[in-house]
Number of protein chains: 2
Amino acid sequence: MNTRNAALTRSDGTPVRVLVVDDEPDLAEVVTGALRYEGWDVRSAGSADAALREARTFRPDAVVLDIMLPDRDGLSVLRDLRAEQPHVCVLFLTARDAVEDRINGITAGGDDYVTKPFSLGELVARLQGLLRRAGMTRERAAGSLLVVGDLELDEDAHEVTRGGDPIDLSPTEFQLLRCLMRHTRRVLSKTQLLDLVWSYDFGGQAHVVELYISYLRKKIDSGRAPMIHTVRGTGYVLRPAHR
Amino acid sequence: MNTRNAALTRSDGTPVRVLVVDDEPDLAEVVTGALRYEGWDVRSAGSADAALREARTFRPDAVVLDIMLPDRDGLSVLRDLRAEQPHVCVLFLTARDAVEDRINGITAGGDDYVTKPFSLGELVARLQGLLRRAGMTRERAAGSLLVVGDLELDEDAHEVTRGGDPIDLSPTEFQLLRCLMRHTRRVLSKTQLLDLVWSYDFGGQAHVVELYISYLRKKIDSGRAPMIHTVRGTGYVLRPAHR
DNA sequence: GCAACCTCTGAGCGGGCTCTGAGCCGGCGC
DNA sequence: GCGCCGGCTCAGAGCCCGCTCAGAGGTTGC
């Protein structure tokens with residue numbers, strides 16, 4: 001399990017089921033790994049046909065679906081999926097400049113997509129958002145609010161407050177904080193943070209993580225009991241500001 | 001569920017039932033998805049015969065009906081539907097230059113229509129309007145008024161006021177604002193807004209959204225505490241003014 | 001048939017965001 | 001005590017994102 005918080009589960013208590021469909025084995029592997037790390041039950045397929053076959057027996061709650069598959073068009077796969085399982089959530093993967101007109105209207109149906117290259121944290125967050133909104137998980141009630149001590153982060157509203165005071169963050173700062181809050185009390189290495197927050201094709205150094213941690217501290221910890229702690233030689237932890 | 005507001009339900013508490021009838025699978029899929037996202041119980045049919053068969057068992061509260069079906073004329077389908085279920089609401093889909101005199105006869109009966117290509121937000125709003133007027137939902141009382149802070153939008157009257165002052169908006173501006181107001185305090189990406197407010201066949205870029213947001217701000221926020229906020233890298237949110 | 005309005009495209013610009021590099025500090029080991 | 005290494009912070013360059021303006025084309029209404 002990844003977090004101290006219970007892993008996201010379905011209403012019957014079993015882990016959420018996700019099917020990953022991508023024809024690039026490397027990418028599929030990375031995504032699959034990240035989702036398993038979330039404690040979910042993950043399977044993968046390399047083609048549309050395989051995906052539909054797998055879906056029939058596996059009955060996933062959500063599908064991560066590359067829109068550029070060798071054999072079939074993304075929207076038609078969606079249609080076939082929905083025909084058998086009307087309530088499955090779909091998260092599309094698409095190239096930045098891909099002809100997006102093929103998926104016009106997708107987000108209006110509650111489905112979502114991320115453009116390649118994406119960060120794994122983003123992918124997971126989007127997927128959780130989909131599942132939450134579909135009412136498919138136990139966390140329905142909790143909504144989109146992450147709370148650690150007097151620090152609150154609303155994923156839907158993109159609002160962050162500490163002790164009630166609003167704090168505004170840049171996109172990267174926001175993602176980094178979300179990531180820390182998701183894994184409260186667990187030390188995350190710079191490499192892990194790099195893998196989660198930055199796109200998988202980011203070539204930069206771990207130094208950026210330090211930099212962004214320092215930005216975050218300025219906005220969140222300055223003048224208060226610190227919540228972000230560094231564990232020398234290992235990484236960073238977020239903890240409620242003791243007492 | 002999609003909105004903060006509870007899903008529209010029938011007076012007995014079960015979800016509203018909608019039957020979508022269209023012979024273009026892609027369009028039907030998108031429409032079906034959008035309605036399902038509203039929390040409704042949706043089924044679809046690709047032909048008039050299938051529709052009538054489905055209606056007999058499904059007993060929908062409303063039908064979204066393409067007037068140009070391959071096998072039968074839309075109006076005759078309407079007659080047959082009404083013969084069995086006199087109180088069903090019907091929303092027609094029709095081509096822009098369709099014979100209007102026939103349409104006029106229809107709307108006199110309390111039904112409504114939208115012309116292709118339409119926006120999904122418009123479709124949903126019209127359908128809600130129909131159901132509301134038919135007294136088929138719990139929200140009857142709430143009426144067609146959306147309120148956020150001192151900003152009010154009347155969906156039926158197409159009127160908008162802020163702090164009591166009337167504001168007039170172009171059709172697109174109106175739809176965009178309605179969409180933002182329906183999802184108060186939730187960040188909507190430009191893509192989402194594009195999918196909801198613009199027609200499903202719109203090929204343009206997300207840039208238009210920025211443009212219309214700027215128009216809206218001029219009319220709604222200028223000289224007052226801003227309500228429309230941009231979340232860099234993500235989208236836009238509407239929030240009650242100040243604090 | 002003309003005028004007013006609406007919608008969208010394109011371009012320019014301003015500013016925030018991201019990342020690089022360098023210097024500094026403090027802890028820890030030799 | 002000295003040097004090294006890991007982490008922190010500052011400053012700055014470049015880029016990208018979002019905002020706005022101006023204008024073309026289309027539509028509506030008179």
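In what follows, chains carry the letters A, B, and so on, assigned in the order in which the sequence lines appear, proteins first and then strands, with residues in each chain numbered from 1. What's counted below: heavy atoms across the whole structure, side chains too, no hydrogens, waters or symmetry copies.
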- Closest approach of B:V197 and B:L176, non-hydrogen atoms and distance? CG2-CA, 3.8 Å
- salt bridge (Lys or Arg N to Asp or Glu O under 4.0 Å) contacts in which one or both residues fall within residues 194-215 of chain A, not counting sequence neighbours: A:K190-A:E210
- Specify the separation, in whole Å, of atom CG of A:L176 and atom P of C:dT18. 11 Å
- Candidate nucleotides C:dT7, D:dG7, D:dC19, ranked by approach to the side chain of B:T230 - the nearest: D:dC19
- Could you list the residues that satisfy salt bridge (Lys or Arg N to Asp or Glu O under 4.0 Å) with A:K219, not counting sequence neighbours? A:E173
- Task: In whole angstrom, give the distance that lies between atom CG of B:L169 and atom P of C:dC5.
- Result: 15 Å
- Message: At less than 3.5 Å, do the side-chain atoms of B:H207 and the base atoms of D:dG18 form a donor-acceptor pair?
- Response: no
- By nearest nucleotide on DNA chain C, pick out whichever of A:T172 and B:S170 is the more 5' one. B:S170
- Using the salt bridge (Lys or Arg N to Asp or Glu O under 4.0 Å) rule, collect all pairs that involve residues 117-126 of chain A, keeping only residues at least two apart or in two chains. A:D112-A:R126, A:E122-A:R126, A:E122-A:R178
- Message: Rounding to an integer number of Å, can you tell me how far B:L188 CG sits from D:dG18 C1'?
- Response: 17 Å
- Message: Counting only side-chain nitrogens and oxygens, does B:Y236 get under 4.0 Å of the OP1 or OP2 atom of D:dC19?
- Response: yes
- Query: So which pairs with a foot in residues 160-170 of chain A pass side chain to side chain donor-acceptor pair (under 3.5 Å), sequence neighbours left out?
  - Reply: A:D150-A:R162, A:R162-A:D221
- Query: Within less than 4.0 Å of OP1 or OP2 of D:dG7, is there a side-chain N or O belonging to A:K190?
  - Reply: yes
- Message: In whole Å, I'd like the distance from the CZ atom of B:F202 to the C1' atom of C:dC6.
- Response: 13 Å
- Message: Between C1' on D:dC19 and NE2 on B:H229, what's the gap in Å once rounded to a whole number?
- Response: 17 Å
- Query: A:Q205 has an atom CD; how far is it from atom P of C:dC19, in whole Å?
  - Reply: 12 Å
- side chain to side chain contact (heavy atoms under 4.5 Å, CB included) with B:L211: which residues, sequence neighbours excluded? B:Y215
- Task: Let me know the distance between CZ of A:F174 and P of C:dT18, rounded to the nearest Å.
- Result: 13 Å
- Message: Please confirm whether the shortest side-chain N or O distance from B:W198 to OP1 or OP2 of C:dT7 is below 4.0 Å.
- Response: no
- Query: Of the residues in residues 211-219 of chain B, which ones touch DNA chain D at a heavy-atom distance under 4.0 Å?
  - Reply: B:L211, B:S214, B:R217, B:K218
- Between atom CD1 in B:I228 and atom P in D:dG18, what is the gap in whole Å? 15 Å
- Message: Between A:D23 (side chain only) and A:L69 (backbone N and O only), is there a donor and an acceptor less than 3.5 Å apart?
- Response: no
- Note on the structure: Residue set satisfying side chain to side chain contact (heavy atoms under 4.5 Å, CB included) with A:Q205, at least two apart, ordered chain then number -> A:H207
- Which residues pass the side chain to side chain contact (heavy atoms under 4.5 Å, CB included) test with B:V237, sequence neighbours left out? B:V187, B:V231, B:R239
Dump every N/O contact between nucleotides 26-30 of chain C and the protein below 3.5 Å, one line per pair.
| unit_1 | atom_1 | unit_2 | atom_2 | d |
| --- | --- | --- | --- | --- |
| C:dG26 | N2 | A:R232 | NH2 | 3.1 |

